[in-house]
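Worksheet: one structure, shown below.
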Amino acid sequence: MKRILSIAVAIFLTTALTSTNFKTDPKPSLKEKVIELSKTVEPKVVNWRHWVHENAELSNREFKTAAYVAAHLKSLGLEVEENVAKTGVVGILKGGKPGPVIGLRADMDGLPVKERADIPWASKQMGEYNGEPVPVMHACGHDTHVAILMGVAEVLSAVKSDLKGTIKFIFQPAEEGAPPGEEGGAALMVKEGVTEGMDAIFGLHINSKTEAGKVRYRPAGIMAAVNSFSIKIKGIQTHGSTPWTGIDPIVTAAQIINNAQTVVSRSLPLTKAAAVLTFGKIEGGVRSNIIPEEVELVGTIRTLDAGMRQTLFDRFETIVKNTGESNGAEAILTINKGYPVTYNDPALTAMMAETFTEVAGAANVESSMDAITGAEDFSFFQEQIPGLYFFIGGMKKGQDPATAAPHHTPDFYVDDSGLLNGIKLLSRMAVDYGEKSQ
C-alpha cells in the first residue's frame, strides 16, 4: 500500500511541476528592459532638467552644465572626455558584445532671452553677449535635451553587458552659434575628431507646439541650411538739405531690400523646396539732417536644396552689386558659411521606422512631416556619418498649439511630461541600431 501511495505522490508531483501553472515568466528582452528602465529614471530626469534650466548658460560658456553632466557620467563608470570643443563632454559606454559605434547627441546652450514663464525653476542667470550683460534662459529646450541624454546614459549603463557596440554620449556646446571670433558647436566637435570611427548618430529636439508623447520626423532634408549675410553700402556723406551733392546709401539700402524680394519669388523653383531671404537689421546715420557715408544691412538665408542655395547666392549678389552701381554707390555682399541642411539619411531613417512606432505608438508618429526653415548644426555630424534627427512633443496634452509660445521667446515653455518619450526613443535607437546593423 505504501508503495502504491509513493508512486501516486511521485506522479502527482511530476505532473504538477510540469504544469503551465508552475512555469516561470519568460525573461524580458533588452528592448523591454530599456523601456522599463526609462520609466524608472524619469523622475531623476525631471529633476536634472529643472537644475539645468535654472542654471542656463550661453554658447561656449556652459561651464556649470558641463561639470554637472561629467559628474553624472563618471558616477555611471563611463569613460569621460571633457573640454571637447571648448566646453563639450563626451561619455563612452562600451557594451558587452561587439557591434557598431553609435553617437547620441544633446545640445547644452541657452539664449540671451529674459524668462517670463511662471515656474519655480525659472532662470535668473546673467551672461555676456556682444559685450553687453544679458539675461539667459533655455528658450529652445536644450535643458530637456541634456537631461534626457543623462537619463539615457543611466538606462544603457544598466544593461551594459547586453549591449552590442559602443555608445558615445555627446553633450555639445554652442548649437546656437559660437560668440563672434570663436569656433564652436558641432563643427568644432567634428574638427576635433568626435565622429571618427562612429557608424551613425541620433539626435532629437523637443517642440513647444507638439503634444507630449508625439514624435515627428522625415527622411532626407528636415531642417534648412542657414547662412547669415551682411551688406556694406558706401556712399558720399553730405548735408540732408542738398542730397544731390552726395550719394545716399540709405536710399540705396531701401532699393536693395525691395529688389531682393524677387530673388526667392522670381528666381527659385519653390515647388521643389522652400527658401527664405530675410533682412534683420539696418544700421546707418546719426541725425536727421546728415546723409551718412555708410549703411550696413544684415540678415539670414534659409534653403533646403543645395542647388537652389547657390542660385539664391548668385542672384542676390547680382542684385546687390547692380543696385548699388545704379545709384553711384558701392554695395558689397558677404555671405557667411553657416550650417548645411539637416539631412536624415534615408536608409537609416527607414531602419528606425519600426522603433518609432513600437515606442510611441503608430497613432503618435508622423513620419512625413514638412521640412522646416529653422536650422540645426547637427547637420555637421550628418555630413560625416549617417544621422537621424527627429522631434518630440513638449506641449501639455490637450493644449491648443496656438496658445503655446514659440521657441526663442520669453514665454517659451515645454512640459516635463514630454521627457519620457525622449528617454525611451534614444535608448531604443541605440539598442535597435546595434541589433539591426549586424
Side-chain angles (χ1 to χ4, degrees), residues 52 56-70 73 78-92 101-112 127-131 136 138 140-143 145-146 149-150 153 166-205 222-229 300-302 334-345 374-389 408:
V52 175
E57 297 171 291
L58 293 174
S59 302
N60 277 357
R61 305 293 185 268
E62 305 93 337
F63 303 114
K64 289 186 293 184
T65 306
Y68 190 70
V69 167
L73 298 181
L78 273 62
E79 177 185 336
V80 178
E81 299 175 4
E82 299 180 73
N83 304 313
V84 183
K86 299 189 184 294
T87 55
V89 180
V90 177
I92 300 172
V101 179
I102 304 163
L104 303 176
R105 175 268 204 170
D107 37 11
M108 302 192 298
D109 50 333
L111 287 159
E128 182 181 295
Y129 187 73
N130 284 339
V136 185
H138 274 292
C140 201
H142 296 186
D143 54 325
H145 304 169
V146 171
L149 193 55
M150 290 173 68
T166 297
I167 314 298
K168 295 181 78 170
F169 301 96
I170 301 166
F171 292 85
Q172 179 209 306
E175 188 282 324
E176 298 291 356
E182 296 183 26
E183 288 185 280
L188 185 54
M189 282 196 144
V190 168
K191 184 177 178 180
E192 293 185 2
V194 169
T195 58
E196 289 179 7
M198 197 181 297
D199 294 285
I201 188 166
F202 300 93
L204 59 73
H205 204 303
I222 188 169
M223 298 185 76
V226 58
N227 298 88
S228 63
F229 68 84
T300 186
I301 295 168
R302 308 293 172 120
T334 301
I335 299 176
N336 301 311
K337 182 181 177 182
Y339 299 170
V341 173
T342 306
Y343 186 85
N344 284 338
D345 182 84
E376 239 291 347
D377 79 345
F378 186 81
S379 53
F380 287 109
F381 297 123
Q382 292 172 310
E383 282 192 320
Q384 305 299 315
I385 55 174
L388 174 56
Y389 195 75
H408 290 219

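Positions are given from 1 along the sequence. Hydrogens, waters and symmetry mates are skipped; everything else that's a heavy atom, side chains included, is used.
The closest donor-acceptor contact from the side chain of D143 to the backbone of V52 lies at 3.5 Å or more, if one exists at all. In this structure, the side chain of K168 engages the main chain of V194 through a donor-acceptor pair within 3.5 Å. E79 places no side-chain N or O within donor-acceptor distance of the main-chain N or O of G91, the cut-off being under 3.5 Å. Counting only distance, with no hydrogens or angles, the side chain of N344 and the backbone of Y389 share a donor-acceptor pair below 3.5 Å. Of the possible donor and acceptor atoms, one in the side chain of D109 sits under 3.5 Å from a partner among the backbone N and O of E175. Formation of a donor-acceptor pair under 3.5 Å by the E62 side chain with backbone atoms of A174 is found in this model. In terms of modelled atom types and a separation under 3.5 Å, the side chain of S59 and the main chain of G177 share a donor-acceptor contact. Side-chain N or O atoms of H138 include none that pairs as donor or acceptor with a backbone N or O of A56 at under 3.5 Å. Judged by distance alone, with hydrogens and angles left aside, the side-chain atoms of E57 form a donor-acceptor pair with the main-chain N or O of T65 at under 3.5 Å.
You'll find the side chain of V190 reaches within 4.5 Å of the side chain of F381, heavy atoms only. Contact check for I102 versus M198: no side-chain heavy atoms found under the 4.5 Å cut-off. Between F171 and L73, some side-chain heavy-atom pair lies under the 4.5 Å cut-off. In this structure the side chain of F169 never reaches within 4.5 angstrom of the side chain of V89, judged on heavy atoms. Between V136 and P112 there is no side-chain heavy-atom pair separated by less than 4.5 Å. Side chains of I201 and L104 form no contact here, defined as non-hydrogen atoms less than 4.5 Å apart. For the pair F202 and R105, the minimum side-chain heavy-atom distance is 4.5 Å or more. Side-chain contact between F380 and P340: present, with at least one pair of heavy atoms (C-beta onward) separated by less than 4.5 Å.
Q172 and D377 form a side-chain donor-acceptor contact under 3.5 Å, judged by distance and modelled atom types alone. Between T300 and R302, the side chains place a donor N or O and an acceptor N or O closer than 3.5 Å (distance only, hydrogens not considered). Between the side chains of Y339 and E376, no donor N or O sits under 3.5 Å from an acceptor N or O.
Interatomic distance, T166 OG1 to I92 CD1, rounded to the nearest 0.5 Å: 8.0 Å. Here OH of Y343 is found 12.5 Å from CD of E383. Values are rounded to the nearest 0.5 Å. Distance check, rounded to the nearest 0.5 Å: CD1 of I170 to CG of D107 gives 11.5 Å.
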Could you check L149 against V69 for side-chain contact (heavy atoms from CB on, under 4.5 Å), going step by step and ending with a plain yes or no?
CA-CA 10 Å; L149 193 55; V69 167; over 6 Å; no
When you look at H408 and C140, which way does the side-chain contact (heavy atoms from CB on, under 4.5 Å) test go after all the steps?
CA-CA 6 Å; H408 290 219; C140 201; 3.5 Å; yes
Test side-chain contact (heavy atoms from CB on, under 4.5 Å) applied to N336 and F229, step by step
CA-CA 6 Å; N336 301 311; F229 68 84; 5.9 Å; no
Yes or no on side-chain contact (heavy atoms from CB on, under 4.5 Å) for T87 and F63, after CA distance, side-chain angles and deciding distance?
CA-CA 6 Å; T87 55; F63 303 114; 3.7 Å; yes
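With N60 as reference, E182 is the one residue of E182, E183, E176 to meet the side-chain hydrogen bond (donor to acceptor under 3.5 Å, both in side chains) rule.
Closest non-hydrogen pair, H145 versus A106, comes out as O-CB, 3.3 Å. Scanning both residues, G185 and A85, for their nearest heavy atoms gives O-CB, 4.2 Å. Considering all non-hydrogen atoms of both residues, A70 and E82 come closest at CB-OE1, 3.6 Å. A pairwise comparison of heavy atoms in M108 and P173 identifies CE-N, 4.0 Å as the closest pair.
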